[in-house]
Amino acid sequence: MSEQMEHFRQQVYYWVSKIPKGKVTSYGAIAKLSGFPRHARHVSKALGSAPNRKKLPWQRVIGADGKIAFNSDSDHFAIQQSLLEKEGVKVIKGKVDLKLYAWKHPLEGDKKTSSQNSGIQAEDFFR
DNA sequence: GGGGTGACTGCAG
DNA sequence: CCTGCAGCCACCC
């Protein structure tokens, strides 16, 4: 039983590692990609206990509304904001403009909203 | 077994 | 744009 959770966690790490630098996605999106649609909360938990946390671009996973999920006065919040800005993602009042930085992941197909994926790096995309 | 707890979400107001 | 709230679900007392 817990074997499935293990699989889930691995899927989470896999997909998070696929988020291109300079882009962000939501906990819910990762949950969906991992095969467990309603488990956004568990994605955060998986990230928090990730053994290779230092290696994963966990900062690229934020709330569905574009907001950093940590309490704005916490250290975690500051660190995440710092990491994101370091790779070019602007954080205004704790949130990211999804119009500019949302990762167009696999399951989204192509909604012809290609408005601004101009410089998407083909190499970072789809491995 | 029962109740509280989030690094969540979507929708109402 | 922001706040509130019900739904969600594995985990931890």
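Every chain is numbered from 1 and lettered A, B, ... according to where its sequence line falls, protein lines coming before strand lines. Scope of the values below: all heavy atoms of this structure, side chains included, with no hydrogens, waters or symmetry mates.
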Enquirer: On DNA chain C, nearest-nucleotide positions of K95(A) versus K45(A): which is more 5'?
Expert: K95(A)

Enquirer: Rounded at 0.5 Å granularity, tell me how far OG in S34(A) sits from NE2 in H7(A).
Expert: 8.5 Å

Enquirer: Measure across F70(A) and Q80(A) and return the closest heavy-atom pair with its distance rounded to 0.1 Å.
Expert: CD1-OE1, 3.4 Å

Enquirer: Provide, to the nearest angstrom, the distance between the OH atom belonging to Y13(A) and the C1' atom belonging to dA7(B).
Expert: 13 Å

Enquirer: Is there any salt bridge (charged side-chain N to carboxylate O under 4.0 Å, His left out) pair reaching into residues 89-98 of chain A, and which pairs are they, with sequence neighbours excluded?
Expert: none

Enquirer: Remember a base hit wins even if backbone is also touched, and classify H42(A) as base, sugar-phosphate or nothing at under 4.0 Å, heavy atoms.
Expert: base

Enquirer: Could you check whether any side-chain heavy atom of Q11(A) comes within less than 4.5 Å of a side-chain heavy atom of L33(A), counting everything from C-beta outward?
Expert: no

Enquirer: Side-chain donor-acceptor contacts of residues 52-62 of chain A below 3.5 Å, not counting sequence neighbours, with atom names and distances?
Expert:
from   : atom 1 : to     : atom 2 : distance (Å)
R53(A) : NH1    : G48(A) : O      : 2.4
Q59(A) : NE2    : E87(A) : OE1    : 3.2
R60(A) : NE     : E87(A) : OE1    : 3.4
R60(A) : NE     : E87(A) : OE2    : 2.8
R60(A) : NH1    : I19(A) : O      : 2.8
R60(A) : NH2    : E87(A) : OE1    : 3.2

Enquirer: What does K93(A) touch in the nucleic acid at a heavy-atom separation under 4.0 angstrom: a base, only the sugar-phosphate, or nothing?
Expert: nothing

Enquirer: At a cut-off of 3.5 Å, list every protein nitrogen or oxygen paired with a nitrogen or oxygen from nucleotides 8-12 of chain B, distance to 0.1 Å.
Expert:
from   : atom 1 : to     : atom 2 : distance (Å)
dC8(B) : N3     : R41(A) : NH1    : 2.9
dC8(B) : N4     : R41(A) : NH1    : 2.9
dC8(B) : N4     : R41(A) : NH2    : 2.9
dT9(B) : OP1    : Y27(A) : N      : 3.0
dT9(B) : OP1    : G28(A) : N      : 2.8
dT9(B) : OP2    : A64(A) : N      : 2.7

Enquirer: State which residues pass side chain to side chain contact (heavy atoms under 4.5 Å, CB included) with D65(A); sequence neighbours excluded, sorted by chain then number.
Expert: K67(A)

Enquirer: In Å, rounded to the nearest 0.5 Å, how long is the span from NE2 of H42(A) to CZ of R9(A)?
Expert: 12.0 Å

Enquirer: Taking all heavy atoms of N71(A) and all of F77(A), pick out the closest pair and write down the distance.
Expert: O-CB, 3.2 Å

Enquirer: What heavy-atom pair brings Y13(A) and P51(A) nearest, and what distance separates the two atoms?
Expert: OH-CD, 3.8 Å

Enquirer: Using a strict heavy-atom distance below 4.0 Å, which residues from residues 77-87 of chain A are in contact with DNA chain B?
Expert: none

Enquirer: Where does the angle between the aromatic ring planes of F36(A) and H39(A) fall among parallel (under 30°), tilted (30 to 60°) and perpendicular (over 60°)?
Expert: perpendicular

Enquirer: When you list every nucleotide of DNA chain C with an atom under 4.0 Å from a heavy atom of chain A, which one comes first 5' to 3', and which comes last?
Expert: dC2(C) to dC11(C)

